[in-house]
Amino acid sequence: MRGIYTSVNDIRKSVFAEVARLSYDYKEGDLYKMEEIPYKIIPGEESAYRESVFIERAIVRERMRLAMGLPFRRADERGNVSAGAEECVKPESYYTKPLINIIKFACHKCPDNVVKVTNACQGCLAHPCQEVCPRDAISFVEGKSVIDQDKCIKCGKCVSACPYNAILRLERPCAKACGMNAITSDEYGRADIDQEKCVSCGMCLANCPFGAIADKAQIFQVIQAIRSDVPVYAAIAPAIVGQFGPDMTAQKIRPAFKALGFEDVIEVAIGADLCTIQEAKDFVTEVPEKLPFMATSCCPAWSSMAKKLFPEQAKCISMALTPMVLTGRLLKEKYPGCKVAFIGPCAAKKLEAMRTSIRSDVDFVLTFEEVMGMFEAKEVVFKDLPDDRSMHGASGDGRGFSVSGGVANAVVNCIREKYPDAEPKVASAQGLAECRKLLAMAKAGKYDGYLLEGMACPGGCVAGAGTIQPVDKSIASVKKQIAQSTNARALQSDYQDILPTLESKYEEILKKDI
């Protein structure tokens with residue numbers, strides 16, 4: 001479903017826009033207006049999506065609460081949608097776990113790992129499905145194949161053998177998308193998240209066709225901060241290219257975010273350049289003398305997965321700060337007292353920013369989808385905005401962090417320039433299931449001496465749970481921007497005038513928190 005605009009996307013956008021509108025117009029005592037929003041989004045008496053208009057509005061209510069950073073409620077919990085919302089008025093209020101939530105009464109109770117014969121069965125003479133079944137679970141009734149679910153072991157041999165593709169393996173979409181096997185079923189057959197396994201990558205959210213899964217947001221809090229006397233800077237992830245449509249060109253990004261009330265905009269790819277230089281240095285000095293291999297640190301879901309499942313290899317994850325944190329710290333040093341909002345594609349960045357040690361560097365995290373709601377609320381028309389200077393400063397390699405393989409490519413290019421005698425070997429994986437395999441092989445010694453790159457989302461950051469544009473289109477947009485970048489490499493960025501002191505400056509930043 002990625003890249004297909006559906007009714008689920010439409011409802012999400014409407015919720016984000018209404019929450020943003022409420023925050024921009026907020027006056028003390030206005031939170032009661034939250035009660036009106038579900039009727040605005042779901043008008044009339046007839047349902048459009050579900051069996052009941054009342055269920056539709058109940059789902060919107062819980063989506064609103066999550067969009068404001070509030071905990072959602074079960075179907076048996078009473079209370080107004082605005083209950084506890086006064087906490088959202090405080091711009092310093094922060095995320096609380098869990099970030100990814102299942103609205104249980106919105107869950108379809110999808111069949112999970114069930115092998116089923118469809119009406120396409122032709123009752124063929126050969127009966128290959130029956131012949132290959134190792135448990136005699138398949139019989140023929142009135143000429144059609146029937147599977148005894150009590151005997152079936154879900155091996156899938158019948159699925160492969162059927163010449164008509166008439167046998168399907170049905171999997172719960174959210175569980176299939178979860179590389180951590182964190183999705184199970186509760187006592188009612190609804191999806192459930194094992195929060196001990198979850199790394200907040202958001203792939204379940206992005207793949208649920210019923211829109212039953214949502215993450216918490218800080219839209220209300222960001223706007224309250226913008227309305228305060230404290231300047232708020234937007235740190236824009238490189239995956240932004242094309243996310244807001246063709247009218248949002250590079251020349252429109254700064255005016256567009258200023259129209260939302262941000263003080264100014266900075267490319268997180270600048271932080272990516274700093275990260276590249278540090279990871280290149282760490283790799284050359286530590287692998288293989290101190291560490292058997294080194295893994296990149298940029299993807300928080302990948303790092304979290306590694307620490308949960310491969311604790312002995314956790315020391316091999318690079319200690320370099322992520323581009324988001326580096327950019328936030330540079331902004332805080334340049335503009336003391338400011339607030340920083342990271343704008344990106346990633347749900348897991350919210351998890352990263354929840355760390356106590358990071359909160360002083362990055363105050364807010366919003367996804368592109370959430371920011372689109374802010375643009376809707378402010379009725380920003382991109383093509384009507386004046387052109388400003390393009391988002392320059394970062395290198396093409398720094399901007400390439402947003403696609404699979406881009407981080408490793410940047411580090412390798414930096415090593416070849418700065419440490420020409422080194423010959424780095426690289427292996428990469430995208431999607432947490434493949435990332436797990438990569439680290440399992442590294443644990444077994446298959447990747448000694450390697451630089452490993454892991455991306456939790458298939459395709460890289462451009463496929464994050466908070467993106468809007470189709471993944472393939474995003475990859476093409478990023479590659480085009482890389483090709484058009486004034487400087488190609490991290491060591492050729494616009495910050496080359498401070499390159500002689502860059503590493504010492506970086507070390508000073510690192511001392512603040514590791």
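Screening Arg78, Arg73, Arg74 against Asp76 for a salt bridge (Lys or Arg N to Asp or Glu O under 4.0 Å) leaves a single residue, Arg74.
A 4.5 Å side-chain heavy-atom check between Arg61 and Pro38 finds at least one atom pair inside the cut-off. Contact of the Leu452 side chain with the Ser428 side chain is not registered, since no non-hydrogen atoms from C-beta on lie closer than 4.5 Å. Taking 4.5 Å as the limit, every side-chain heavy atom of Val222 sits out of range of all side-chain heavy atoms of Lys339. Side-chain contact check for Tyr233 versus Val265: every heavy-atom pair is 4.5 Å or farther apart. At a threshold of 4.5 Å between non-hydrogen side-chain atoms, the residues Cys208 and Pro173 do not count as touching. Put simply, the side chain of Lys216 does not reach to within 4.5 Å of the side chain of Lys350, judged on heavy atoms. Here the side chains of Thr296 and Leu451 are in contact, with some heavy-atom distance below 4.5 Å. For the pair Met180/Met203, no side-chain contact is recorded, criterion being any heavy-atom separation below 4.5 Å from C-beta on.
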Decide side chain to side chain donor-acceptor pair (under 3.5 Å) for Gln224 and Ser23; before the verdict, give the C-alpha distance in whole Å, the side-chain angles of both, and the deciding distance to 0.1 Å.
-> CA-CA 7 Å; Gln224 290 306 297; Ser23 190; 2.9 Å; yes
Could you walk me through whether Ile236 and Val268 pass side-chain contact (heavy atoms from CB on, under 4.5 Å), step by step?
-> CA-CA 5 Å; Ile236 309 297; Val268 174; 5.5 Å; no
Could you walk me through whether Met455 and Cys461 pass side-chain contact (heavy atoms from CB on, under 4.5 Å), step by step?
-> CA-CA 7 Å; Met455 291 281 194; Cys461 301; 4.2 Å; yes
Decide yes or no on salt bridge (charged side-chain N to carboxylate O under 4.0 Å, His left out) for Lys33 and Glu36, but give the supporting numbers first.
-> CA-CA 5 Å; Lys33 293 180 180 179; Glu36 304 169 1; over 6 Å; no
For Lys332 and Asp361, run salt bridge (charged side-chain N to carboxylate O under 4.0 Å, His left out): C-alpha distance rounded to whole Å, both residues' side-chain angles, the deciding distance at 0.1 Å, then the answer.
-> CA-CA 7 Å; Lys332 293 284 178 113; Asp361 306 310; over 6 Å; no
Go through the steps to decide whether Glu369 and Arg12 satisfy the test salt bridge (charged side-chain N to carboxylate O under 4.0 Å, His left out), and finish with yes or no.
-> CA-CA 8 Å; Glu369 192 180 19; Arg12 286 171 60 84; 2.6 Å; yes
Determine, step by step, whether Val53 and Glu46 satisfy the side-chain contact (heavy atoms from CB on, under 4.5 Å) criterion, reporting the C-alpha distance in whole Å, the side-chain angles of both residues, the deciding distance to 0.1 Å, and the verdict.
-> CA-CA 6 Å; Val53 70; Glu46 295 293 323; over 6 Å; no
Could you give me the CA-CA distance, side-chain angles and deciding distance for Leu385 and Val380, then say whether side-chain contact (heavy atoms from CB on, under 4.5 Å) is met?
-> CA-CA 8 Å; Leu385 295 171; Val380 176; 4.0 Å; yes
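For the residue pair Phe262 and Ile343, the shortest heavy atom distance occurs at CZ-CD1, 4.4 Å. Residues Met68 and Val19 approach most closely at CG-CG1, 3.6 Å, considering heavy atoms. Annotation for Lys116 and Leu170: closest pair CD-CD1, 4.0 Å, computed over non-hydrogen atoms. Nearest heavy-atom pair, Gly271 versus Leu326, reported as atom, atom and distance to 0.1 Å: O-CD1, 3.6 Å. Here the closest heavy-atom approach between residue Gly398 and residue Pro238 is recorded as O-CG, 4.2 Å. In this structure, Phe382 and Asp247 approach most closely via the heavy-atom pair CB-O, 3.6 Å.
Side chain of Asp273 to backbone of Ala394: no donor-acceptor contact under 3.5 angstrom is found. The backbone N or O of Glu453 sits nowhere less than 3.5 Å from a side-chain atom of Trp302 that would complete a donor-acceptor pair. Within the 3.5 Å criterion, the main-chain N or O of Ser360 finds no donor-acceptor partner in the side chain of Asp363. A donor-acceptor distance shorter than 3.5 angstrom exists from the side chain of Thr6 to the backbone of Val8, with no hydrogens or angles considered. A distance-only check finds no donor-acceptor pair linking the side chain of Glu263 to the backbone of Val232 [under 3.5 Å]. Glu370 places no side-chain N or O within 3.5 Å of a backbone atom of Gln218 that could act as its donor or acceptor partner. Judged by distance alone, with hydrogens and angles left aside, the side-chain atoms of Gln278 form no donor-acceptor pair with the main-chain N or O of Ala320 at under 3.5 Å. Between the side chain of Arg65 and the backbone N or O of Val81, at least one donor-acceptor pair lies under 3.5 Å. A distance-only check finds a donor-acceptor pair linking the side chain of Gln243 to the backbone of Ile468 [under 3.5 Å]. Listed for the Glu56 side chain is a donor-acceptor partner under 3.5 Å among the backbone atoms of Ala48.
Here the CG atom belonging to Leu70 is positioned 8.5 Å from the CD atom belonging to Glu86, to the nearest 0.5 angstrom. The distance from the CZ atom of Phe401 to the SG atom of Cys299 is 12.5 Å, given to the nearest 0.5 Å. Distance check, rounded to the nearest 0.5 Å: CD1 of Ile213 to CD1 of Ile102 gives 4.5 Å. Atom-to-atom distance recorded for Gln469:CD and Ile240:CD1 is 11.0 Å, nearest 0.5 angstrom. Annotation: the span from Leu31 atom CG to Leu22 atom CG amounts to 6.5 Å, rounded to 0.5 Å. Glu352 contributes atom CD, which lies 3.5 Å from atom CE of Met324 (distance to the nearest 0.5 angstrom).
Between Tyr26 and Phe220, the ring planes lie perpendicular to each other; the angle is over 60°, past the 30° to 60° tilted range.
Judged as a side chain to side chain donor-acceptor pair (under 3.5 Å), the pairs with a partner in residues 174-191 (not counting sequence neighbours) are, in order, Lys104-Asp186, Arg172-Ser185, Asp186-Arg190. Counting only residues at least two apart or on different chains, the side chain to side chain donor-acceptor pair (under 3.5 Å) pairs with a member in residues 306-319 are Glu279-Ser318.
A distance below 6.0 Å separates the ring centres of Phe244 and Phe375. Side-chain rings of Phe364 and Phe342 stay apart, their centers remaining 6.0 Å or farther from each other.
A cation-pi arrangement is not found for Lys443 relative to Phe310, the charged atom failing to lie both closer than 6.0 Å to the ring centre and inside a 45° cone about the ring normal.
Salt bridge status for Asp388 with Lys252: absent, with no side-chain N to carboxylate O gap under 4.0 Å.
For Ser200 and Lys97, the side-chain atoms include no donor-acceptor pair closer than 3.5 Å.
Heavy atoms of other residues, nucleotides or ligands lying less than 6.0 angstrom from CD of Glu77 number more than 12.
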